[in-house]
Q: 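Encoded as structure tokens, here's the structure I'll be asking about.
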Amino acid sequence: MEAKITAIGTYAPEKVIDNHYFESFIETSDEWIRSRTGIIERRFSAEDEYTSDLSVAAVRDLAKRYNKDISDVDFILVATVTHDQIMPSMGTQLQYRLNIPNAAALDISAACAGFGYGITLARSLIHSGMYRKILVIGAETLTKVTDFKDRTSCILFGDGAGAILIEAAENGNIGECIAGAEGSGGQDLYLSTQATQVNGTPIKANNKIVQNGRAVFRWAVTRMSEIFEAIVEKNGLRKEDIDWFIPHSANMRIIEAICQRVGFPVEKSLESLSRYGNTSSASIPLALDEAVRAGKVKKGDKLLLLGFGGGLTYAGTVIEWGI
Ligand code: COA
């Protein structure tokens, strides 16, 4: 059996925050944020709204729009770095709240590459013959772990969730996947409640995202250009065959630089960051779903998805859109 994406759904909190919001408490401007990142606005979750709530809403959106019975889902994979709590996992909470009696449930900790890892794992689980119907969710409430005193990072993050359903089918539409890790860069992007060390570097224990923006930027541009090429090659394609490139939406300049390096037209890339900021594991499904709803992504289009982020991690694949 092969793996096929049969439905997609998303959800973002109602509260829209524009760039001017930050001007009252940090030294910044709408102009700086737009030109250095491409972000125009983002969503903030309500105080009592958590990642599990966003995830449930995204899955309900998926079930409603595609008229899907999800009660026989047999695996739930939730990619997040902002669980409501460490234990019980988000997966188990969704299993209960969505009333899916016989599903295994697991959270994926691969930061902004989490959704790509989820697709990679779901495809493998279906190809193995052990599972037939899998929910993959990327969901974050990053603004709950954002350091609003750090002007270099607080302007970047937003909240949102995306979900896809992957089912066993004779003719699948998920191509060869590449997932990898470069732990040597772990200290450049972290979130910790304990004052431990990463690669010998002491880290802060403030439960806030800390990043070396320039280092992550450099790594993303150089390595993800290579991984883009590797995914194309592994799928026996040429880059001209790709209709849409959907990278993790971290920074528009990262997307432009990758496209320039690999010689791929940036107009054929899809992003969610201008409207949602960096939503980590939710950024790819948010961009994809928006393009699906707008009729931009059509049946038969080849999509190259590529997530990258803290760990450092990356994961991507090619999907032939089929719904
Ligand atoms: N408003 C105004 N000025 C700011 C600012 C803000 N919000 N944040 C930083 N600056 C200033 C810096 O202090 C610096 O000033 P200086 O030259 O006087 O020292 C200047 O702008 C340039 O800083 P720099 O860090 O070189 O900016 P940049 O162009 O690299 O952009 C990021 C910063 C964070 C937007 C960018 O590095 C980035 O997006 N990195 C990747 C982050 C990321 O994607 N992380 C998640 C990956 S999954």
Side-chain angles (χ1 to χ4, degrees), residues 17-42 79-82 108-117 138-140 142-143 145-160 162 179-192 198 208-225 227-228 246-259 269 271-274 276-287 305-316:
I17 301 288
D18 68 13
N19 293 335
H20 295 293
Y21 167 83
F22 298 91
E23 292 169 351
S24 66
F25 60 93
I26 53 167
E27 209 185 312
T28 192
S29 65
D30 174 50
E31 199 283 325
W32 192 94
I33 299 170
R34 277 181 197 240
S35 61
R36 304 308 287 169
T37 70
I39 298 167
I40 296 169
E41 60 190 31
R42 74 286 288 140
T80 188
V81 291
T82 46
I108 299 170
S109 176
C112 310
F115 193 73
Y117 264 82
E140 306 286 359
L142 295 181
T143 62
V145 292
T146 295
D147 180 357
F148 286 98
K149 292 192 192 77
D150 175 11
R151 71 169 181 165
T152 68
S153 71
C154 72
I155 45 107
L156 298 172
F157 302 116
D159 302 336
E182 290 177 19
S184 58
Q187 69 284 354
D188 289 330
L189 185 50
Y190 65 84
L191 170 60
S192 182
V198 176
K208 303 285 180 217
I209 298 169
V210 180
Q211 71 169 0
N212 178 346
R214 280 186 202 183
V216 177
F217 194 105
R218 256 195 317 272
W219 172 79
V221 171
T222 51
R223 285 294 287 139
M224 291 314 104
S225 304
I227 303 301
F228 178 113
I246 317 179
H248 165 50
S249 269
N251 185 316
M252 202 54 218
R253 290 188 296 132
I254 294 178
I255 299 176
E256 286 164 357
I258 295 172
C259 287
S269 65
E271 53 83 18
S272 56
L273 71 95
S274 57
Y276 299 101
N278 178 344
T279 53
S280 190
S281 63
S283 86
I284 289 176
L286 282 171
L305 274 55
L306 179 54
F308 53 87
L312 301 167
T313 52
Y314 55 86

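We use all heavy atoms of the structure for the numbers below, so side chains are in, but hydrogens, waters and symmetry mates are not. Ligands are counted one by one from 1 in listed order, and the atoms in each one are counted from 1 as well.
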Q: So which heavy atom on Asp150 is nearest to which on Thr152, and how close?
A: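 Smallest interatomic distance, heavy atoms only, reads OD1-OG1, 2.7 Å.
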Q: As an exercise, identify every atom of ligand 1 less than 4.0 angstrom from a heavy atom of Thr37.
A: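 Counting atoms of ligand 1 from 1, those under 4.0 Å from Thr37 are 35 (C).
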Q: Any idea which atoms of ligand 1 are less than 4.0 Å away from a heavy-atom of His248?
A: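 Checking each atom against His248, I get 48 (S).
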Q: Should Ser281 and Glu140 be marked as a side-chain hydrogen bond (donor to acceptor under 3.5 Å, both in side chains) after you check the CA-CA gap, both sets of side-chain angles, and the distance that decides it?
A: CA-CA 7 Å; Ser281 63; Glu140 306 286 359; 2.8 Å; yes
Q: Has Thr80 got a side-chain atom pairing as donor or acceptor with Thr82's backbone, closer than 3.5 angstrom?
A: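 Checked: pair present.
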Q: Quick check: does Asn278 get an N/O under 3.5 Å from an N/O on ligand 1?
A: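 In this structure, Asn278 places no N or O atom under 3.5 Å from an N or O of ligand 1.
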Q: Considering non-hydrogen atoms of the protein only, which is the closest contact for atom 28 (P) of ligand 1, and what is the distance?
A: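 Scanning the protein heavy atoms, the shortest distance from atom 28 (P) of ligand 1 goes to Arg253 NH2, 3.5 Å.
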Q: Which of the numbered atoms in ligand 1 are below 4.0 angstrom from a heavy atom of Glu27?
A: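 Contacts of ligand 1 toward Glu27, numbered from 1: 1 (N), 2 (C).
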Q: For atom 48 (S) of ligand 1, which protein heavy atom lies nearest, and how many Å away is it?
A: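 For this ligand atom, the closest protein heavy atom is Cys112 SG, 3.2 Å.
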Q: Considering only heavy atoms, which of Gly307, Gly213, Gly309 lies nearest to atom 37 (O) of ligand 1?
A: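 Minimum heavy-atom distance to atom 37 (O) of ligand 1 goes to Gly213.
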Q: Give the residue, atom name and distance (to 0.1 Å) of the protein heavy atom nearest atom 23 (O) of ligand 1.
A: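 Answer, as residue, atom name and distance: Arg214 NH2, 3.8 Å.
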Q: Could you tell me which atoms of ligand 1, counted from 1 in the order shown, lie closer than 4.0 angstrom to a heavy atom of Ala250?
A: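 Near Ala250, meaning under 4.0 Å from one of its heavy atoms, ligand 1 has 44 (O).
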Q: Quick one: nearest non-hydrogen protein atom to atom 47 (C) of ligand 1, plus distance?
A: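 Scanning the protein heavy atoms, the shortest distance from atom 47 (C) of ligand 1 goes to Val216 CG1, 3.6 Å.
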Q: Is there at least one pair of N or O atoms, one from Phe308 and one from ligand 1, spaced under 3.5 Å apart?
A: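 No; the residue has no nitrogen or oxygen that sits under 3.5 Å from a nitrogen or oxygen of the ligand.
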Q: May I ask you to check if ligand 1 and Arg151 share an N or O to N or O distance below 3.5 Å?
A: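 Yes: some nitrogen or oxygen of Arg151 is under 3.5 Å from one in ligand 1.
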Q: In terms of relative ring orientation, are Phe22 and Phe25 parallel, tilted or perpendicular, with 30° and 60° separating the classes?
A: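 Ring orientation, 0 to 90° scale: tilted.
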Q: Regarding atom 43 (C) of ligand 1: of the candidates Met252, Glu23, Gln211, which has the closest heavy atom?
A: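 Nearest option to atom 43 (C) of ligand 1, by heavy atoms: Gln211.
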Q: If you have a sec, work out which protein heavy atom is nearest atom 1 (N) of ligand 1 and how many Å separate them, to one decimal?
A: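 That would be Thr28 OG1, 2.7 Å.
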Q: Show the nearest heavy-atom pair for residues Cys154 and Asp147, with the distance to one decimal.
A: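 For Cys154 versus Asp147, the nearest heavy atoms are CB-O, 3.3 Å.
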Q: Picking from Glu31, Arg42, Glu41, what satisfies side chain to side chain donor-acceptor pair (under 3.5 Å) with Asn19?
A: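 Among Glu31, Arg42, Glu41, the one that satisfies the side chain to side chain donor-acceptor pair (under 3.5 Å) with Asn19 is Arg42.
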Q: Considering non-hydrogen atoms only, spot the tightest contact between Leu191 and Ile209 and give its length.
A: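 Scanning both residues completely, I find the closest heavy atoms to be CD1-N, 3.8 Å.
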Q: Any nitrogen or oxygen of Ser29, side chain or backbone, less than 3.5 Å from one on ligand 1?
A: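 No, since none of the N or O atoms of Ser29 sits under 3.5 Å from an N or O of ligand 1.
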Q: Looking only at protein heavy atoms, identify the closest one to atom 34 (C) of ligand 1 and say how far it is in Å.
A: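 Among all protein heavy atoms, the one nearest atom 34 (C) of ligand 1 is Thr152 O, 3.5 Å.
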Q: For the backbone of Ala110 and the side chain of Thr313, can you confirm whether one donor and one acceptor N or O come within less than 3.5 Å of each other?
A: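 Looks like yes, one N/O pair under 3.5 Å.
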Q: Which protein non-hydrogen atom lies closest to atom 39 (O) of ligand 1, naming both residue and atom, and how far is it?
A: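 Atom 39 (O) of ligand 1 sits closest to the protein heavy atom Asn251 ND2, 2.7 Å.
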Q: Among protein heavy atoms, which lies nearest atom 8 (N) of ligand 1, and at what distance?
A: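 Minimum-distance protein heavy atom for atom 8 (N) of ligand 1 reads Trp32 CH2, 3.4 Å.
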Q: Within the structure, is a non-hydrogen atom of Phe22 found at a distance of less than 4.0 Å from ligand 1?
A: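 The answer is no, since Phe22 has no heavy atom less than 4.0 Å from ligand 1.
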Q: Give the numbers and elements of all ligand 1 atoms closer than 4.0 Å to a heavy atom of Ile155.
A: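 Reading through ligand 1 atom by atom, the close ones are 7 (N).
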Q: Show which atoms of ligand 1 fall inside a sub-4.0 Å distance from at least one heavy-atom site of Arg36.
A: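 Matching atoms, with element in brackets: 29 (O).
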